[in-house]
Asker: 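Dropping the structure in here first, questions after.
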Amino acid sequence: MFQVPRGTRDFTPEEMEKRRYIEQNMAATFTSFGYGEIQTPTFENLELFTAKSGESIVNELYAFTDKGGRELALRPELTAPVIRCYVERLQMEPKPLKLFYFGNCYRYDRPQKGRYREFQQAGCEVIGVETSEAAAELLALAFTLLKNVGLKNVRINIGNLTIISAIFKRLNLLKDDQKILLPLIDKSQFDDLKVSLRDCGVSGKDAETFIRVLQTSEVNEIRSFIADDPDAVKELAAMETILGLLKNAFHVTEYGIKLSIVRGLDYYKGLVFEIDAPVLGAEKQLCGGGSYELVSLFGGTEVPTSGFAIGFDRTILALEAEGFIFPPLKLDVYIIPVNQDMICTSIEIAQQLRSQGFSVDFDQLRRGIGKSLKYADSKHVEKVIIVGPKELEKKTVTLRDMKIGNQEIVSITEICAKLKKT
RNA sequence: GCCCGAGUAGUGUAGCCUGGUAACAUAUGGGACUGUGGAUCCUCUGUGCCGGGUUCAAAUCCCGGUUCGGGCCCCA
């Protein structure tokens, strides 16, 4: 027997229905915000990803050499490919450029709940704008996407790497120190952080204040700590403007400042954020993003860029955990030929209804009426048409409503009109 | 990549400790029902993750692999 490879999955029609629902719903939200869809190849030159994230990520990639000796890799995420595409052929497009995408990504990780080796992401990148209103819209869009698919309880946590850098500078921390400290901040391991800060020569008092600032949501507390760094003060003021717009213009209130969001990556700058679904417990992060610098690394003229990615699988898990009812697979009409002489007419009716936009199926197993009705019921069909010789003599059929349970004799020519009415 | 647990019809489970004919529910197919569903009854088909070892005999015990789940690592 063959099985799917480790960390991959088959999706049944039932599961695909959920996935398509989310995809279509999100695409509608993206387009309503003025975004255009983009698609890039499933694999890229390996170098694209090592340039972005360093040689060490090769361990977590599906990388291979093709028959021409090219070093390639299945994409582990979509930001780098989209920015590559921008640099390669979209640099002269009018700004701002707003791009969204859906795509399968691949990582050689140990699979866990909600985490697979092949997984789907939805996301977007905004190129060529760095105003507060653009940043606020990005946050609002990420939030709206998740709300629109039906999630009730999600929360945005907003951090800022410019402010974190200013604090590092003020505490006289070197680049090498930051490499040790950032992962601890990311994981909110504040006890370990305190020890490491002391090892890096930070006084106990400063360390405690720093750790308190990392956990606070009070702007004033942050401001007093960074008061002597003009860049950081400016960034904090910009952040207040963004949050003001988010609240007063986009009417999104489920957010908080959380400076310990650092996203652990070199190329993020300034605003960073994550969105959680508390129902998921430990593995609750649904979305991550922020502003970053990649264009110049890929050889393009530097422009502001920002974006985010949403994990499809966790979004589905979160919806299921919240008890969300997905729109069910729907078959409008099921046609039952009473005997084999009725098959031809049944097919004609099916074809006619299909051309009018109804989803229609008919019995192809030549089952009895009882069994066919049972089958129709198990498929949640709303209407059944029974084609039998008695009615057919008068060019009529029986139209049965499966919900109410009653039925009526309808002329063949009037079926369509009758169905449209209800 | 490391540690732990699990894997029995399509699905959900029992049996495993203490080796001896693989079981139950549900779903699917057929029928009771030759023109009317969700009920009931009958019935067919279908099951030990893979490989090796111990044994007269392995679902059961042992070893290796594999997949899933949990915990690390990682999480762009």
Side-chain angles (χ1 to χ4, degrees), chain A residues 1-10 12 14 44 48-61 73-83 105-117 119 121 123 125 182-183 186-187 189 261-268 272 274 281-290 292 294 297 307-309 311 313-314 334-342 363 365-392 397-409:
Chain A
M1 273 277 275
F2 292 109
Q3 307 180 319
V4 293
R6 181 172 165 83
T8 67
R9 295 157 292 164
D10 296 316
T12 61
E14 197 185 346
E44 297 268 357
L48 179 74
F49 302 115
T50 55
K52 174 179 172 244
S53 309
E55 287 295 332
S56 60
I57 63 144
V58 176
N59 293 324
E60 275 112 52
L61 289 178
L74 298 180
R75 60 188 178 198
E77 48 98 29
L78 284 156
T79 299
V82 168
I83 296 302
C105 299
Y106 303 83
R107 294 181 192 174
Y108 196 89
D109 268 335
R110 186 198 166 285
Q112 287 177 37
K113 195 170 186 66
R115 190 162 144 190
Y116 303 90
R117 289 183 170 179
F119 58 96
Q121 278 193 346
E125 313 298 335
L182 282 174
D186 192 29
K187 285 175 209 154
Q189 296 174 349
I261 305 280
V262 293
R263 308 240 76 220
L265 287 167
D266 293 347
Y267 58 87
Y268 276 105
V272 287
E274 295 177 354
E283 307 266 297
K284 64 183 177 183
Q285 193 193 322
L286 296 181
C287 171
Y292 55 88
L294 267 186
L297 184 66
F308 60 81
D313 301 298
R314 286 213 188 142
Y334 191 72
I335 302 176
I336 305 171
V338 166
N339 60 43
Q340 290 183 37
D341 294 334
M342 301 298 115
D363 172 48
L365 277 174
R366 303 178 183 179
R367 275 191 285 223
I369 289 189
K371 278 272 153 76
S372 286
L373 285 171
K374 204 169 174 176
Y375 175 81
D377 178 59
S378 73
K379 291 287 183 184
H380 307 111
V381 180
E382 288 177 12
K383 304 279 185 184
V384 164
I385 292 170
I386 299 163
V387 184
K390 277 186 265 171
E391 299 95 319
L392 198 59
V397 294
T398 300
L399 177 63
R400 184 176 177 85
D401 187 307
M402 296 297 278
K403 277 202 183 121
I404 305 167
N406 63 358
Q407 60 189 37
E408 56 186 321
I409 308 293

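In the text below, chain A, chain B and the rest are named by the order of the sequence lines, each starting its count at 1. What you see is a predicted model; the values in this text were computed from it and never measured.
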Asker: According to the Watson-Crick and G-U wobble definitions, with both distances under 3.5 Å, which nucleotide is paired to B:G1?
Answerer: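 WC or wobble partner is B:C72.
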
Asker: How do A:Gln407 and A:Ser378 order along RNA chain B: which one's closest nucleotide is nearer the 5' end?
Answerer: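 Taking each residue's closest nucleotide, the earlier one in sequence belongs to A:Ser378.
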
Asker: Contact list please: residues 379-388 of chain A against RNA chain B, heavy atoms, distance less than 4.0 Å, in numerical order.
Answerer: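 Result for residues 379-388 of chain A: A:Ile386, A:Gly388, sorted by number.
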
Asker: With P as the reference atom in both, quote the distance from B:C42 to B:A27 in angstrom, rounded to an integer.
Answerer: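 The answer is 14 Å between these two P atoms.
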
Asker: One thing to verify: whether A:Lys371 and A:Asp363 come together as a salt bridge, which I'm taking to mean a side-chain N less than 4.0 angstrom from a carboxylate O.
Answerer: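 Salt bridge between A:Asp363 and A:Lys371, a charged N being under 4.0 Å from a carboxylate O: no.
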
Asker: I'd like to know if A:Arg110 reaches the base of B:G71 with its side chain, counting only an N/O donor and acceptor under 3.5 Å.
Answerer: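 Under the 3.5 Å cut-off, the side chain and the base do form a donor-acceptor pair.
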
Asker: Provide the distance between the two P atoms, one in B:U26 and one in B:C16, to the nearest whole Å.
Answerer: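 Straight-line distance between the two P atoms is 24 Å.
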
Asker: Distance between the P atoms of B:C44 and B:A23, in whole angstroms?
Answerer: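 The same atom, P, in both gives a distance of 13 Å.
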
Asker: When rounded to the nearest Å, what value does the distance between P atoms of B:G7 and B:A14 take?
Answerer: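 These two P atoms come out 9 Å apart once rounded.
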
Asker: Below 4.0 angstrom, N of the basic side chain to O of the carboxylate: do A:Glu77 and A:Lys52 qualify?
Answerer: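 A salt bridge is present here (some side-chain N lies under 4.0 Å from a carboxylate O).
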
Asker: Using the P atoms only, state how far B:G51 lies from B:A59, rounded to an integer number of Å.
Answerer: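 Rounded to whole Å, the distance is 13 Å.
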
Asker: Whole Å only: how far is the CD atom of A:Gln112 from the P atom of B:C72?
Answerer: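 Atom-to-atom, A:Gln112 to B:C72, this comes out as 8 Å.
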
Asker: Considering every strand shown, what is the Watson-Crick or G-U wobble mate of B:C16 when both distances are under 3.5 Å?
Answerer: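 Per the H-bond distance test, none.
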
Asker: Tell me if the side-chain of A:Glu391 makes a donor-acceptor pair with the base of B:G35, cut-off 3.5 Å, by modelled atom types.
Answerer: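 A donor-acceptor contact between them is present.
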
Asker: Hey, does the side-chain of A:Arg6 have a donor or acceptor N/O within less than 3.5 Å of a partner on the base of B:U67?
Answerer: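 Answer is no: no donor-acceptor pair is held.
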
Asker: Within 45° of the axis and under 6.0 Å from the centre of the six-membered ring of A:Tyr106, does NZ or CZ of A:Arg75 qualify?
Answerer: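 Here A:Arg75 fails the 6.0 Å and 45° test against A:Tyr106.
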
Asker: With rounding to the closest Å, how many angstrom separate the C1' atoms on B:U11 and B:A32?
Answerer: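 Roughly 27 Å separates the two C1' atoms.
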
Asker: Closest approach to the side chain of A:Arg115, judged atom by atom: which nucleotide of B:C68, B:G35, B:C73 is it?
Answerer: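 Nearest listed nucleotide: B:C73.
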
Asker: Taking the C1' atom of each, how far is B:G20 from B:C61, in whole Å?
Answerer: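 Result for the C1' pair: 14 Å, nearest Å.
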
Asker: Who is the Watson-Crick or G-U wobble partner of B:C61, with both distances under 3.5 Å?
Answerer: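 For B:C61, the partner nucleotide comes out as B:G53, under the 3.5 Å rule.
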
Asker: Does the side chain of A:Tyr292 get closer than 4.0 angstrom to OP1 or OP2 of B:A76 through an N or O atom?
Answerer: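 So the side-chain polar atoms of A:Tyr292 never come under 4.0 Å of the phosphate oxygens OP1 or OP2 of B:A76.
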
